[in-house]
Amino acid sequence: MSDSINISEIFAENVFNDAVMKERLPKDVYNKLRNTIDFGVELDPAVANVIANVMKDWAIGKGATHYTHWFQPMTGITAEKHDSFISAPKEDGRVLMEFSGKELIKGEPDASSFPSGGLRATFEARGYTAWDCTSPAFIKENAAGATLCIPTAFCSYTGEALDNKTPLLRSMEAVNTQALRILKLFGNTTSKRVIPSVGAEQEYFLVDREKYLQRKDLIFTGRTLFGAMPPKGQELEDHYFGSIRERVAVFMREVNEELWKLGVSAKTQHNEAAPAQHELAPIYAQVNVAVDHNQLVMETLKKVAGHHGLTCLLHEKPFSGVNGSGKHNNWSLTTDDGINMLEPGKKPHENTQFLLVLSAIIKAVDTHADLLRESAANVGNDLRLGSNEAPPAIISIFLGAQLEDLLNQIATTGSVTNTMQRERLNTGVSTLPELKKDASDRNRTSPFAFTGNKFEFRMVGSSASISSPNVVLNTIVAEAFDEIATRLENCSDFEQEVMLIIQEIIKKHSRIIFNGNGYSNEWVEEAARRGLPNLPTMVDSIPALITDKAIKLFEKFGVFTKTELESRAEIQYEAYTKAINIEARAMVEIASKHIIPAVIRYTTALADSINSVTAAGCDASTQKEILDSVTIYLRNAKEAMAKLVSNLEYAKSIADAKQKAIYFKDNIATTMVELRKPCDELEMLVDKTLWPFPSYGDLIFEL
C-alpha cells in the first residue's frame, strides 16, 4: 500500500469500464457494444472477437495471466474458474496469448456442484456462464497475481437460472418496461431507460486473528456458539461514531484503496454501535453493478483483514448480547437522463407523478410483504431481526409526517392542496448556523423507510447477497406499475383517474404504513390486528416463494419459472438445515472436547483445595458452594448435550427438506440454546486460565 493516495489517479484503474472501452475499441465496435448494454441489441460474434482481443491486451498490460468468468451461484458468494491466456504451443515451442469472443461470451463450469434445488442431478453436469456486459470486467490482484474477472450469469443446460444474477437482470428489464409506461403517460418521451439504483451499507466486525483461531465456533460457523457477556458491552454508547482505532484505521485505508482500484465508490466509514463493529457505505450504482460491488466489498474486507492480523466477521450475529450486523439496501429508480422517480421535489403536493410512484410502491410492498420478508431471510438474520437492534420481522413502511399528511389528504378528499413546510432548527447558540430541518425524522426501527428520495430496506443481513431483495423489489413494483399503467392507458380523464388510483391504493393498502416504534410489543399486536404477515424465522418465510400469488407474479414478468421458484425454496430449506447442523455439531465438539474437560480440571483442583482447607481445620463452605454450582451447571450441560446428539441423530431419518428444516428450527436450534446457557454460566465460574478459548471481552475489546 502506498504512503499517499491520489484517488482520482487510482479510481477504477483496474476496471475495463466505459472510458477504457471508448479509448481502446474501434468506434463502430464501441457503438455496437453500447447498443447491447443500453438497449439489449444482440452482439455480433465478430464484434465480440474484437472486444475480447482488446480486453485481453488491456488485462495483460495490467499483469494478468489468467481470466475467469466471475459468477454468483446460490451459495451467497462468488465462484471462479481460472484459465490462462496461452494457446497451444507452436511448432517452434513458443505460445501465443489468445482470448476469443467465444471465450468472452460463454464458459462451462460444472453445474452439478452448485446448489440447484433438484434442477440438476449429479450426473447432469453441464452449465453455462454468460457474459454480463452491463457490469464492467475488472482485474483482481492477490497473491496468485492478476486475474481478469468477467462478470457473468450462470444457467443450467436446460436454461434455468442457477445464480443470483440472471433473475436480477430479468427483474431490471421488467421494472424498466413498466416504469417507462408510467413516464410516457406523464408526457416523458426523452427517457429511454429506467434503472434501479442501489447503495448497500455494509456492517462487519473485526477481531484479532490469533484470538479468532482459538475459537473453533468462529472458524466453523462465523459466530460464537458460547460466550458470557463481559462487564461492559455497548451500554455507554461510546463506540458508535467514536474515534477509529489506529489499527482499524490502517485496515480501512487499505480496504478503500483496493476498492477504489476496482471502481467501487467506497464513501463512508465509521464505528458502529457494538464494540469492534464498523460500517462501510458506497455511493449508489446501477443495481446489478451494486450487487457485484457488494460482493467485492465483502471479499475485500476479508482479504485485507488478514494483512493486518485481523479477521473480518460478516455473520449477522457473531456475538450474543451485542448488536448484530445488517446491510441497508437503499433503492431508487433513476432514468438514463438523470430523473429520480422517487424525488418529491420542493412541492410534493404538486408532483403527481411522484405521488403515483409512491402509491405504487406502497401497493407493491403491502401485496407482497411476505416475499420481501423472505428475500432478507437467512440463518444468521433469525438471530438479529426483532431484537431491538434491527427491524422486526414484520414488513411495514415508514413515510414520515410530510408524506403521510399528503396521502391522508388524498384518501380523505381525493385531492391534495398543500405540503407541510420544513422548519428551521434552533440550536440556541448564536455562533452556530441556522439549519433547515428535513421534512420528516428518520425511523431506524422501520424495515422499509422512505429517506428523502429512496427507500431504505433495513432488513437485509450483513453476509447476504443483495440480489434477492432487489429482484423482489424490482418485480413487485413492475407489477404495480403494470396494473396502474394499464388502467391509465384506457381512461378518459387522465388527471382525475390518477388521483382516484392514488386514493384507492391508500385506502386499501395504508395498513402497511407505520411511523411508530417497530421495536415495541404494541406494534406486534397492532400488526396482527392489521393482518400483516409476521414471519419470525427463515423457515417460516420460505413458503412465500411458492404461493400461487408469487408464481403468478414472477412468471408474468419472466423473472422466475415455477420450477425455478420451487428449486430456490428447496435450496433455502437445505441451507437452513446445513447451517444449523454445522452449528449443532460444532457445539457438541467444543463442549465435549474443550469446555467439559476444562470444567473437570477446575472441579478437580477445587475439590483438592476443599480437602486441603478441611484438613487444615478451616471453613471450606465457600469453595463447596462454588463446587456445587459448577457441578449443577456441568450436569445440565451434559444433559443438554446428550439431548442435542439424540436430536441430531433423529434428524438423519427425515428425508423431506421442508420437514427437516422445521425439525431443526423447533428442536435442534432450541436445544442448542439449552446447551449454551449452562456453559456460559460455567465460564463465569471457572478460572480464566483454565477456560479453553478467549472470552467476549478478549475478542471485542482487545483489538
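Here OG of Ser541 is found 11.5 Å from CG of Asn534. Values are rounded to the nearest 0.5 Å. Here the straight-line distance linking atom CG of Leu500 with atom CD1 of Ile410 works out to 11.5 Å at 0.5 Å rounding. Rounded to the nearest 0.5 Å, atoms CG (Leu355) and CG (Leu358) are 7.0 Å apart. Of the inter-residue distances, the one linking Thr451 atom OG1 with Lys454 atom NZ reads 2.5 Å to the nearest 0.5 angstrom. Interatomic distance, CD1 of Ile182 versus CG of Leu180, reported as 10.0 Å (0.5 Å rounding). Once rounded to the nearest 0.5 Å, the distance linking CD1 of Ile394 with OG of Ser446 reads 11.5 Å.
Within a 6.0 Å radius of CD in Glu489, more than 12 heavy atoms belonging to other residues, nucleotides or ligands are found. Applying the 6.0 Å contact sphere to CG of Asp548 captures no more than 12 heavy atoms from other residues, nucleotides or ligands.
Side-chain contact between Ile362 and Ile506 is present, with at least one heavy-atom pair separated by less than 4.5 Å. A 4.5 Å side-chain heavy-atom check between Val365 and Ile397 finds at least one atom pair inside the cut-off.
For Pro318 against Gly222, the heavy-atom pair with the smallest separation is CB-O, 3.9 Å. Between Asn323 and Phe205, the shortest heavy-atom distance links the atoms O-CZ, 3.3 Å. Residues Pro282 and Ala200 come closest through the heavy atom pair CD-O, 3.0 Å. Closest approach of Ser171 and Asn474 over heavy atoms only: OG-ND2, 3.0 Å. The two atoms that bring Ala360 and Ile484 nearest to each other are CB-CD1, 3.6 Å, heavy atoms only. Of all heavy-atom pairs spanning Ile546 and Ile551, the tightest one is O-CD1, 3.7 Å.
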Before giving the answer on side chain to side chain donor-acceptor pair (under 3.5 Å), spell out for Asn521 and Glu525 the whole-Å C-alpha distance, their side-chain angles and the decisive distance to 0.1 Å. CA-CA 7 Å; Asn521 291 329; Glu525 296 170 2; over 6 Å; no

Could you go through Asp38 and Lys192, starting from their C-alpha distance and side-chain angles, then the distance that decides it, and tell me whether this counts as salt bridge (charged side-chain N to carboxylate O under 4.0 Å, His left out)? CA-CA 9 Å; Asp38 296 336; Lys192 305 301 181 187; over 6 Å; no

Should Glu316 and Ser463 be marked as a side chain to side chain donor-acceptor pair (under 3.5 Å) after you check the CA-CA gap, both sets of side-chain angles, and the distance that decides it? CA-CA 7 Å; Glu316 284 72 21; Ser463 68; 2.8 Å; yes

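In this model, a donor atom of one side chain and an acceptor atom of the other lie less than 3.5 Å apart for Thr158 and Glu160. Residues Gln353 and Asn351 have side chains that never bring a donor and an acceptor to within less than 3.5 angstrom of each other. For the residue pair Ser135 and Asp292, a side-chain donor N or O sits within less than 3.5 Å of a side-chain acceptor on the partner. Looking only at atom types and distance, the side chain of Gln178 has no donor-acceptor partner in the side chain of Glu479 under 3.5 Å away. Using a 3.5 Å distance cut-off with no hydrogens or angles, the side chains of Asp540 and Thr537 do pair a donor with an acceptor. Side-chain atoms of Ser467 and Asn164 include no donor-acceptor pair closer than 3.5 Å. Side-chain contact, Glu404 with Asn408: no donor N or O sits under 3.5 Å from an acceptor N or O. A donor atom on one side chain and an acceptor atom on the other are not found under 3.5 Å apart for Asn330 and Ser332. Between the side chains of Gln72 and Lys165, no donor-acceptor pair of N or O atoms lies under 3.5 Å.
Note: Trp331 and Phe457 fail the aromatic proximity criterion, with ring centroids not under 6.0 Å apart. Side-chain rings of Phe114 and Phe71 approach one another, their centers coming within less than 6.0 Å.
Salt bridge present: Arg530 and Glu526 bring a charged side-chain N and a carboxylate O closer than 4.0 Å. In summary, Asp482 and Lys556 engage in a salt bridge, as defined by a charged side-chain N under 4.0 Å from a carboxylate O. With salt bridges taken as basic N to acidic carboxylate O contacts below 4.0 Å, none links Arg193 and Asp337. Between Glu389 and Lys317 there is a salt bridge, since at least one side-chain N of the basic residue sits less than 4.0 Å from a carboxylate O of the acidic one. Residues Arg170 and Glu564 are paired through a salt bridge, judged by an N-O separation under 4.0 Å between the basic side chain and the carboxylate. Ion pairing between Glu555 and Lys562 fails under the 4.0 Å rule for side-chain N and carboxylate O.
A search for side-chain contact (heavy atoms from CB on, under 4.5 Å) contacts involving Thr75 returns Pro73, Ile77, Pro115, not counting sequence neighbours. Among residues two or more places apart in sequence or in another chain, the ring pair (Phe, Tyr, Trp, His ring centres under 6.0 Å) test is passed with Phe560 by Phe554. Under the salt bridge (charged side-chain N to carboxylate O under 4.0 Å, His left out) criterion, Arg223 pairs with Glu583, sequence neighbours left out. Applying the salt bridge (charged side-chain N to carboxylate O under 4.0 Å, His left out) test to Glu497 and every residue at least two apart in sequence or in another chain returns Arg487. In this view, Arg458 and Glu456 satisfy the salt bridge (charged side-chain N to carboxylate O under 4.0 Å, His left out) rule, not counting sequence neighbours. In this structure Glu272 satisfies the side-chain contact (heavy atoms from CB on, under 4.5 Å) test together with Glu203, Tyr240, His270, Gln277, Glu279, sequence neighbours excluded. Listed by chain and number, the residues in a ring pair (Phe, Tyr, Trp, His ring centres under 6.0 Å) with Phe664 amount to none (sequence neighbours excluded). The salt bridge (charged side-chain N to carboxylate O under 4.0 Å, His left out) check on Lys549 picks up Asp370, with sequence neighbours excluded. Tyr573 is linked by a ring pair (Phe, Tyr, Trp, His ring centres under 6.0 Å) to nothing, counting only residues two or more places apart in sequence or in another chain.
Sequence neighbours left out, not one pair with a member in residues 355-376 passes ring pair (Phe, Tyr, Trp, His ring centres under 6.0 Å). Applying the ring pair (Phe, Tyr, Trp, His ring centres under 6.0 Å) test to pairs two or more places apart or on separate chains, those with a residue in residues 172-198 are Phe186-Phe494. Screening residues 656-668 for side-chain hydrogen bond (donor to acceptor under 3.5 Å, both in side chains) gives Asn647-Tyr663 as the qualifying pairs, with residues at least two apart or on separate chains.
Side-chain atoms of Ser462 come within 3.5 Å of backbone atoms of Leu314 as a donor-acceptor pair (strictly under, hydrogens ignored). The backbone N or O of Cys155 lies less than 3.5 Å from no partner atom in the side chain of Asp163, so there is not a single donor-acceptor pair. Counting only distance, with no hydrogens or angles, the side chain of Arg373 and the backbone of Ile395 share no donor-acceptor pair below 3.5 Å.
The aromatic rings of Phe450 and Phe455 lie perpendicular to each other, with more than 60° between the two planes, well past the 30° mark.
When each of Val291, Leu168, Ile476 is paired with Val471, the side-chain contact (heavy atoms from CB on, under 4.5 Å) condition holds for Leu168 and for no other.
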